[in-house]
Amino acid sequence: MDQKVDQIKKEINCFHAKNYEDLEAFRIKFLGKKKGILTVLFKKLKKLPIHERKIFGNVINDLKKKVQKKIQIDHSKNFIKDEDENFDPTIPGKSVVIGSLHPISIIKNRIIDVLKKIGFSYVEGPEIEDDWHNFTALNIPIDHPSRDMQDTFFLCKNPDIVLRTHTSSVQIRYMKKNSPPSRVLSVGKVYRNETISSRSYFMFHQAEGFYIDKKVSFSDLKQTIHYLITSLFGEVKIRFRPSYFPFTEPSAEVDIYNNHTGWLEIMGCGMIDPEVLKNVNVDSEIYSGFAFGIGIERVALLIYQIDDIRIYFDNDIRFLRQFQSDF
Ligand code: DAH
């Protein structure tokens, strides 16, 4: 028996498959269901007395593992087909085309990276939202005129379900589950019922940041926005313009100065309205916070000078392969 085992072991060790057929023949020879050498030995085991059964069982099992390992390793090889006898190893290899990140993903990663450095953690929220998270909890009750600017896609059968119009709904989802302090960033798609043109589309991307803690003030907001913008664009002129959003008070829009376009609005921001904090059971006597929402396509427009939003979503490979990223 020992001699037989040695011989089998030798045969397994010496085997080298030249192609997949060889490998399959090898498998059948040793592990074939009916006549495989090891299969037959396994069957014979049953007839041995119990102490021998254990010893030989182990030996055969080891052999089986050897065969399996051999098959696994050889399988991962790319066999050169037999007919490729004229294979010329001096011919350069086939080049593999590696994809590149979409410009929106590049900007998204950059924003995450910049804000991560000052303690913002990244979360995601659902694109299919309900009315309360998207509007009501953000101080935009039904019939509020600002809903008109954010008409979106509703389900006729259940108008309570909407495609989110902004990432501000993530503030609500996060604050409901986590008590302050919170320093959070979220990036994702948002949807609006817009007439499609070079400047507007039914879908775009936003990054939403918010920070809630004791004694958070407008100067913290300004400092954070300044840091974010200069990290993205270098030293540029920044302007805070008073504005209105139902969920922040006071509110501002931020413009940056660009030689081609002059002042360009790039984001909305403000101090989170106490009413919003109340809706998520945060005590506004103790906590305050700021929030901001930034349009990713807008940022990409400035960095890459792409002035037609539709091109981001056309999947034109000639456009997409132009972007290189360090991320
Ligand atoms: N949600 C706003 C929009 O889509 C953008 C925005 C403005 C977000 C002010 C904010 C904010 O967090 O504080 O138009």
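Remember, it's 1-based here, ligands and their atoms both numbered in the order they're listed. These numbers were taken from a predicted model, which means no experiment stands behind them.
Ring geometry for Y244 versus H144: interplanar angle under 30°, hence parallel rather than tilted (30 to 60°). Using cut-offs of 30° and 60° for the angle between ring planes, the Y211 and F290 rings count as perpendicular. Between F313 and Y201, the ring planes are parallel. Angles under 30° get that label, and only those over 60° would be called perpendicular.
When non-hydrogen atoms are compared, ligand 1 lies under 4.0 Å from neither the backbone nor the side chain of M267. Residue contacts with ligand 1 for R192 involve side-chain atoms from C-beta outward but no N, CA, C or O (heavy atoms, distance under 4.0 Å). Residue A291 touches ligand 1 through backbone and side chain together, judged by heavy-atom distances below 4.0 Å.
Distances from ligand 1 to the non-hydrogen atoms of E249 include no value under 4.0 Å. Close to ligand 1: Q171, with a non-hydrogen atom less than 4.0 angstrom away.
Heavy-atom contacts of G268 reach the following atoms of ligand 1: 7 (C), 9 (C), 11 (C) (cutoff under 4.0 Å). Of all atoms in ligand 1, numbered sequentially from 1 with element shown, those under 4.0 Å from a heavy atom of G270 are 13 (O). Counting atoms of ligand 1 from 1 in the listed order, those under 4.0 Å from a heavy atom of F245 are 7 (C), 9 (C). Residue contact check: T248 has heavy atoms under 4.0 Å from atoms 13 (O) of ligand 1.
For ligand 1, none of its N or O atoms has an N or O atom of F247 under 3.5 Å away. Distances between N or O atoms of Q206 and those of ligand 1 include at least one value under 3.5 Å.
In this structure, a donor-acceptor pair under 3.5 Å is absent between the side chains of S198 and D307.
Geometric assessment of K70 against the ring of F15 yields a negative cation-pi assignment under the 6.0 Å and 45° thresholds.
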Open item on the list: Determine whether H166 and F247 satisfy the following criterion, ring pair (Phe, Tyr, Trp, His ring centres under 6.0 Å), listing intermediate values before the conclusion.
Closed with: CA-CA 12 Å; H166 51 184; F247 34 91; 5.6 Å; yes
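Looking from atom 5 (C) of ligand 1 to the surrounding protein, the closest heavy atom is G293 CA, 4.3 Å. For atom 12 (O) of ligand 1, the closest non-hydrogen atom of the protein is E208 OE2, 2.6 Å.
Exactly one residue among L301, I106, V190, I107 makes a side chain to side chain contact (heavy atoms under 4.5 Å, CB included) with I296. That residue is I107. When the options E11, K64, Q68 are evaluated for a side chain to side chain contact (heavy atoms under 4.5 Å, CB included) with F30, the one that passes is E11.
A salt bridge links D113 with K117: the closest approach of a Lys/Arg side-chain nitrogen to an acidic carboxylate oxygen falls below 4.0 angstrom.
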